[in-house]
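First comes the structure, then the notes that go with it.
Given the structure is predicted, the values throughout are model-derived calculations rather than measurements. Throughout, a chain's letter reflects where its sequence line sits, starting with A, and its residues are numbered from 1.
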Amino acid sequence: MNDVKTGAFNKQFVYNLIRSSLPIIGLITVCIVFNILTHGSMWNSRKLILNQIYVVMISATGVFFIMTMGGLDFSQGSIMGIASIVVCMLSGKNIFLAILGGILAGAVIGAFNAFFYVKRKIKSFIVTICTMFLFRGVIKYMASNSPVAASMKVYDYDTTAIKLGITATVLIISFMIFRFTGFGIKLKAIGAGEKATKFAGVRTDRVKFLIYVLSGAITGLAAFVNIVKNGSATANVGSQLETQILIALVLGGMPISGGAKVRFENVIVGSLLYVVLTNGLIMMGLSTQMMQLIQGVIFLIFVAIFADRESLSVIK
Amino acid sequence: MSDIRLEVKNVSKSFGITKALDEVSFNINKGEIHALIGENGSGKSTLTNSLAGIYHKDHGQFILDGKEIDPVNQVEANNEGISIIVQELGTLDGLTVAENIFLGHENAFVKMGIKNTAAMNRKANELLKKYGFDRIKASDMIDDYNFEDRKLVEIVKATYFDPKIVVIDETTTALSREGRDELYKHMKRIREEGNTVIFISHDLPEVLTMSDTITVLRDGIYIDTVKSSEIDEDGLKKLMVGREVTGAYYRADYGEEVSSEVVMRVEEVSVPGIIRNISFELHKGEILGFGGLSESGMHEIGKACFGASFDRTGRVVLSDGTQINDIPTAISHSIAYTSKDRDNESLVMNQSIRDNICLPSLDKLGNKAHMLSDRKLRSFADEYAKKMSTKMQGVDQFVSNLSGGNKQKVVLARWIGKDSDILLLDSPTRGIDIKVKQDIYQLMDKMRKSGKSIIMISEELAELIGMCDRIIVMKDGSINGELKRSESLDENSLIAKMV
């Protein structure tokens with residue numbers, strides 16, 4: 001039926017064009033609109049806004065990989081929490097040890113998720129919702145009485161150069177891997193059809209395991225940036241991060257089921273859009289309740305636009 | 001009253017800019033089996049789907065017994081007296097057999113808002129018994145039955161209410177021989193009751209023996225309606241393709257010696273519940289066929305040799321002593337596999353042609369630093385897709401938009417690009433039209449001559465006989481005989497070993 005489908009294909013093409021340009025148009029619109037509404041005070045506080053982007057953008061990179069292959073990760077906030085506590089505890093000894101410790105802590109939790117997801121074949125969103133509560137419990141236990149404070153040394157690293165440098169490095173390396181190695185193609189293929197990908201010779205279980213470990217490690221690195229910014233880890237450290245990442249990626253045009261239509265720009269545009277949007281709403285003087293409501297509505301609209309209905313059934 | 005059951009008048013249907021049906025008009029009589037044939041994309045299914053309320057035609061008329069009908073969904077079409085059996089599974093998981101049979105017509109069993117399940121099951125059991133499918137129980141979940149039995153349930157579902165027209169859309173390709181016979185029996189019964197069967201099939205001998213009248217479509221245009229007693233296979237091919245089909249169809253040689261060099265040795269391979277103690281050798285430059293009923297376990301042979309079977313025992317050894325136990329090892333040792341389940345196991349549907357072709361060859365395509373360039377991937381995919389003369393808009397097109405034949409070409413392009421030496425082809429021509437079939441047969445012949453070895457697993461006996469050097473016949477999970485290539489080999493000698 002090759003000829004028959006031609007028309008449908010053209011329609012698809014226009015639709016794809018709209019889809020791929022909507023996030024960037026949205027970002028520009030939101031920037032302009034909020035700057036006008038706040039009479040330019042948003043532009044004046046750009047440094048403050050930028051400061052909130054790093055953590056979301058770094059962690060979103062890892063989750064981007066997970067979602068590309070059709071998985072989800074709700075334990076990101078708890079990974080961030082545990083890794084932050086580890087960074088704080090080690091920061092007194094040696095700062096590089098602290099960074100390494102954070103990455104390792106994230107990777108271990110990622111491996112924990114991957115074990116149940118890949119080896120025990122439980123759906124990823126179930127596994128990660130469980131680990132979200134599990135590790136949040138651990139965080140509460142460790143940080144409830146008093147926040148875990150980092151050594152004062154970490155404030156030396158609270159410069160735009162270092163935070164931006166770390167973010168840029170993560171983005172560039174991830175982009176290179178995703179775009180110019182077989183890894184990206186394999187991930188997208190798993191998202192679009194795991195069984196067929198396996199039959200094409202890809203070690204799908206190994207890739208899936210690796211991605212959860214990698215994503216945990218990346219968020220562990222983001223935890224360092226988080227501690228540099230905040231100086232200590234409270235019982236609520238990292239909470240809601242998973243939702244923020246999810247909203248950011250979807251705002252960036254990421255299809256929620258992953259697959260072939262995923263683009264790396266989703267991470268960058270999405271994170272920027274999310275942070276600008278929330279900050280704009282705060283500057284408009286909206287109440288927290290009102291903000292959540294508006295975020296919910298926007299999130300729903302974007303999910304509806306970007307959901308790839310043909311492959312929605314493959315969410316793992 | 002006239003004999004005409006259905007008048008198709010100037011029916012057109014477009015998908016976007018392409019006309020799938022262009023002013024098609026012809027008549028279908030009462031009490032006949034009317035075949036609808038044509039190549040992939042000729043509009044057969046579009047026509048019957050419009051008739052059965054699955055699609056909506058753009059304009060034109062369907063006149064059933066003198067009254068125009070315009071069903072908007074399948075239930076409405078059923079009420080007008082039209083039912084359809086589709087190519088793929090038409091039953092729904094999670095419902096019982098009875099619920100599937102009466103889907104959309106449950107109201108017949110509802111009294112004061114309460115469904116009388118017992119009455120529904122009783123009626124369904126009566127029907128199953130009447131059809132001779134006693135082993136299927138109305139109260140069982142449909143999930144408990146295999147593909148074959150579920151098709152039988154569909155036959156009951158589509159015909160129990162004595163519809164005036166039953167559409168059977170390429171159902172036989174998915175059925176084993178017993179299932180086909182069962183279907184043929186009911187097609188004949190429907191005809192004897194004075195009702196009409198519209199029969200879509202790619203299998204021309206089947207079309208000629210089963211149908212009374214044949215209508216040919218080509219590129220959405222009505223070509224001709226002929227009596228099946230007045231035409232032969234070549235005549236039909238000519239009508240379908242629009243020119244003489246020239247050149248060899250199957251391979252023409254007989255009596256050629258196959259090399260004694262063994263490239264793959266299969267030793268005592270078993271997969272619990274499917275195959276038992278299978279041993280054979282594959283030679284260089286040989287086409288080795290596997291035939292049998294679809295439940296004979298033959299489809300597992302390909303998977304087992306590819307390292308894709310779950311829970312396999314025994315050994316699959318290559319000439320250099322390598323054992324094949326997983327898919328990546330198989331592929332890196334130049335083994336290719338095309339699955340019978342093309343859409344789920346051979347191709348990543350919602351993915352571009354480019355990525356589908358490049359997927360197994362990514363290591364080869366990278367530079368020294370394992371980096372890939374878009375241009376290289378694109379030209380690689382383009383080269384092999386074109387080599388297979390795949391009809392496509394470009395390598396960025398998604399595979400899900402291609403026809404069955406073109407999908408299979410993408411699968412083959414992938415493995416030719418990988419330059420595989422051992423090809424495990426499971427039902428390579430399933431649901432594919434004559435021209436593409438011919439292409440695939442010629443490709444296999446060329447590969448054979450260049451020293452590649454092929455295992456072909458097929459339910460089509462004619463192609464096994466036409467293409468293979470040896471045919472191993474499977475029965476109930478074991479090997480039940482082996483036949484050598486010869487001109488005198490016919491389908492009956494194979495069938496004798498199959499059942």
| query | Is it the case that more than 12 heavy atoms not belonging to A:Lys198 sit under 6.0 Å from its NZ atom? | reply | no
Count the heavy-atom pairs under 4.5 Å between each of [options] and chain A, then report the option with the highest count.
options	result
B:Ala336, B:Ser346, B:Pro328	B:Pro328
B:Leu362, B:Leu372, B:Val411	B:Leu372
B:Asn344, B:Thr329, B:Asp326, B:Asp343	B:Asn344

| Presence of salt bridge, B:Asp374 and B:Arg378, under 4.0 angstrom | no
| said: Given heavy-atom pairs under 4.5 angstrom as the criterion, report whether the side chain, backbone, both or neither of B:Leu365 touches chain A. | reply: neither
| query | Distance from A:Ile177 atom CD1 to A:Leu214 atom CG, nearest 0.5 Å? | reply | 7.0 Å
| request: Identify which one of B:His299, B:Arg342, B:Lys303 satisfies the side-chain hydrogen bond (donor to acceptor under 3.5 Å, both in side chains) criterion when paired with B:Asp426. | output: B:His299
